[in-house]
Amino acid sequence: MEAFICTTCGTQYAPADRPPPACRICADSRQYVPAGGQHWTTLGELRHSHQNYYRRLAPGLYAIATQPKAGIGQRALLLRTPGGNVLWDCISVLDDATRDIIDAFGGLAAIAISHPHYYTTMVEWAHAFDCPVWLHEDDRAWVMRPDPLLRFWSGDTTPLEDIPGKPSLVRLGGHFEGGTVLHWPDGADGRGALLSGDILQVTPGRSHVSFMWSYPNYLPLPASTVRRMEARLRPFGFDAVYGAFWDAEITEGGRTAVDASFRRYLSLLERGTLE
Ligand SMILES: [Zn+2]
């Protein structure tokens, strides 16, 4: 039995004698099956061909990503809080160095993931660090490897229990019905940080965010959905925004940038102009 991993999205499936006939994540219209067809790998193979690398983004906040690129190519973020470490989003490659480094930091108290494209090998990480994985209930159907350590939450916000400093999860929806961001009031030197996955996608100029139903297939979201996302995020203050990809961050003025981004997206959809 082997827990096969889709090479395109990095999702690991429940152990089986052979790979599934297709990847359900990639067959969805938000993702894609490459023109060259479906391919599979395993965590053992990835540990030989890939390795993780790290960057400190701010005090208590680290990025972990994989080289060469594996799957979608997102990074995971590691938050250090007085109540324990939290892994935000996940990547397929969990190598020995990463285990040792996180163990030296004191392990993980929780993992939380923005949406199904980043579920990857979450069950491997949960078992390695013996911690729960917080997922939004509305995306439960996209879990390809069920496990007792997966903790489903519902509604639009929840604190990460047992973690002082009170990081909380906020369901914005949009890209996925359960699309979630993490609000960390103590982050960015106490100015407040929003860890946005690609529910809010930081743009290349690092001045705005954007919102899509499908990024690879260039399918936008309707104005009504973007308005709902804006309303759900409105109560939360933050100065920095950290996105899913390397360098995708707005290090100050993030709340203002996000507000302006909602305004210009809605203006373009509803009035055909950015202003
Ligand atoms: Zn896939």
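The structure presented is a predicted model; accordingly, all values stated were derived computationally and were not measured. Numbering of ligands and ligand atoms starts at 1, following listing order.
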_Does the plane of the ring in Tyr62 sit parallel, tilted or perpendicular to the ring in Phe105? Use 30° and 60° as the thresholds._
tilted
*What class does the angle between the rings of Phe129 and Trp125 fall in, given that below 30° is parallel, 30 to 60° is tilted and above 60° is perpendicular?*
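Ring orientation, 0 to 90° scale: tilted.
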*Any pair with a residue in residues 31-43 that passes side-chain hydrogen bond (donor to acceptor under 3.5 Å, both in side chains), sequence neighbours left out, goes on the list, sorted by first then second residue, please.*
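Qualifying pairs, neighbours excluded: Thr41-Glu45.
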*Can you list the protein N, O or S atoms less than 2.8 Å from the Zn ion (ligand 1)?*
Cys6 SG, Cys9 SG, Cys23 SG, Cys26 SG
_Distance in Å, Leu46 CG paired with Thr66 OG1, rounded so as to fall on 0.5 Å steps_ =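 These two atoms lie 8.5 Å from each other.
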*asked:* Please confirm whether the ring centroid of Trp184 lies under 6.0 Å from the ring centroid of Tyr242.
replied: no
*Verify the neighbour count for atom CZ of Arg99: are there more than 12 heavy atoms of other residues, nucleotides or ligands below 6.0 Å?*
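It does not: Arg99 CZ has 12 such atoms or fewer within range.
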